[in-house]
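Notes for the one structure printed next.
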Amino acid sequence: KGWLSFSHMSIDRTLFPFENWLKCEHQALKMRQNMLDDDSSRYPQGIRSVRQTIARLLSITRGVKCFPEQIILGSGTQILLQILDGLIEENKVFALEEPGYQRVYRLLETLRRPVETVRLDVKGISIEAIRRINPSVVYVTPSHQFPTGIVMPISRRIQLLNWASEQADRYIIEDDYDSEFKYQTDAIPCLQGLDTYKRVIYFGTFSKSLLPGLRISYMILPEQLLRIARTRFSFLMQTCNVLTQITLQQFIDSGFYHKHIKSMRQIYETRRTRLIAAMRVQFGAAIKIYGINAGLHFLAEFDTKRSMDEILNRAAQEKLELYSLERCVLKAHYFTKKPTFIIGFANLANGSIDRAVQLLYRAIYQ
Ligand SMILES: Cc1ncc(COP(=O)(O)O)c(CN[C@H](CF)CCC(=O)O)c1O
């Protein structure tokens, strides 16, 4: 028997409409072959018509307000963050949510960026803690805080925007990844769409909505940073594959994207509901579940004598892919009082929900 996966890093590729993607790729190759004869130096931010399509998509789905000129494509969030880091003066402090996204935290450290971490409260990043630390740039995941799943309410979004407006060199990096998947709650407009002070740098990706392997992500810069990028980084070439760019545009413009997201939302919601029900039956009062109204994972905390490492080892023996919250602890050396795991359900076929819960039970209690 193969492995079962609670990984929050993978999605169920069996549900991806490969035949539609191939149709779009075929169209792209037929109609826009000329685009491939270039080394991407001609459109360092990404092909203009692709950025137009993305700008239109984001205005409809996320309330983003931007011109295509403000969008920069990149093959992954990390490459875009490196470019952004090069736009901000080197002594400016960045602050990340704790727990948060360790790949961004470690990248910034490698770039010698001074980084602090900021605690969360029930509404997301704590404004009081931000004021105490007094950074210039805060990196937040308001749609579905990574990894706790907190959805930042509108009141906190307004407070954050007001904080940024108080000084000229303050910015908010809004990482809106996996914002496509909302259940029960209606989508709250993103910070970028509410930002009248031009302080929000919006990060997005197609890794969750389409396939992580496509490596197409984007950032939207406010005008003042865009001007710096165009001079300081005029030598940089676009890192996204041209064929993937024009296929993506075809896929969105022909309506396949909307259709795919709609069906994935229903599939993931059903799967999430069934998984949570199965876990409550299996674990009863021993389990506490957090952050379940959005995204492709939630947190589960267990009442158990067994240590986190012991559980992770037993899960591996049971061929169950499982990650703990510890991987998202950046600086704070608090350890969650009870073993807490990131339970991803995007790559857990409906038929294997009961078995995966059974294996998890064995890893924790047997
Ligand atoms: C907070 C956050 N912002 C963006 C991405 C997307 O990055 P990219 O595909 O490069 O566009 C991820 C994706 N996170 C990975 C899978 F979920 C890794 C998680 C882990 O390392 O725990 C993420 O968590």
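What you see is a predicted model, and the numbers here were worked out from it, not measured in a lab. Read the numbers this way: they start at 1 and go in the same order the structure lists the ligands and their atoms.
For the side chain to side chain donor-acceptor pair (under 3.5 Å) criterion with Arg32, the lone passing option out of Gln27, Gln249, Gln250, Gln245 is Gln249.
Ranking the protein heavy atoms by distance from atom 20 (C) of ligand 1 puts Arg327 NH2, 3.3 Å first. Nearest to atom 21 (O) of ligand 1 among the protein's heavy atoms is Arg103 NE, 2.6 Å. Among protein heavy atoms, atom 7 (O) of ligand 1 sits closest to Thr77 OG1, 3.3 Å. Nearest to atom 13 (C) of ligand 1 among the protein's heavy atoms is Tyr101 OH, 3.7 Å. Atom 5 (C) of ligand 1 has as its closest protein heavy atom Tyr177 CD1, 3.8 Å.
Taking every heavy atom of Gln102 and a limit of under 4.0 angstrom, the matching atoms of ligand 1 come to 21 (O). Here is the list of ligand 1 atoms found below 4.0 Å of a heavy atom in Arg215: 8 (P), 9 (O), 10 (O). Set against the non-hydrogen atoms of Met9, the atoms of ligand 1 under 4.0 Å away are 16 (C), 17 (F), 18 (C), 19 (C), 20 (C), 21 (O). The atoms of ligand 1 that sit less than 4.0 Å from any heavy atom of Ser217 are 8 (P), 11 (O). Atoms of ligand 1 found under 4.0 Å from any heavy atom of Gly76 (numbered from 1 in listed order, with element): 10 (O). Each of the atoms 16 (C), 17 (F) of ligand 1 lies under 4.0 Å from some heavy atom of Lys208.
Relative orientation of the Phe302 and Phe341 rings is tilted, given thresholds of 30° and 60° on the angle between their planes. Note: Tyr101 and Phe146 have perpendicular aromatic rings, judged against thresholds of 30 and 60 degrees for the angle between ring planes. Between Tyr323 and His8, the angle of the ring planes goes over 60°, which puts this pair in the perpendicular group of the 30/60° scheme.
Asp195 places a side-chain N or O within 3.5 Å of a backbone atom of Val200 that can act as its donor or acceptor partner. The backbone N or O of Glu310 sits less than 3.5 Å from a side-chain atom of Ser307, completing a donor-acceptor pair.
Between Arg62 and Glu180 no salt bridge is recorded (no basic side-chain N to carboxylate O distance below 4.0 Å).
When all heavy atoms are compared, the tightest approach of Gly291 to Phe298 is O-CB, 3.4 Å.
Around CZ of Arg306, the count of heavy atoms belonging to other residues, nucleotides or ligands within 6.0 Å exceeds 12.
Nearest-residue assignment for atom 9 (O) of ligand 1 (options Ser75, Ser207, Ser7, Ala346; heavy-atom criterion): Ser207. The residue among Val104, Thr141, Asp175 with a heavy atom at the shortest distance from atom 4 (C) of ligand 1 is Asp175.
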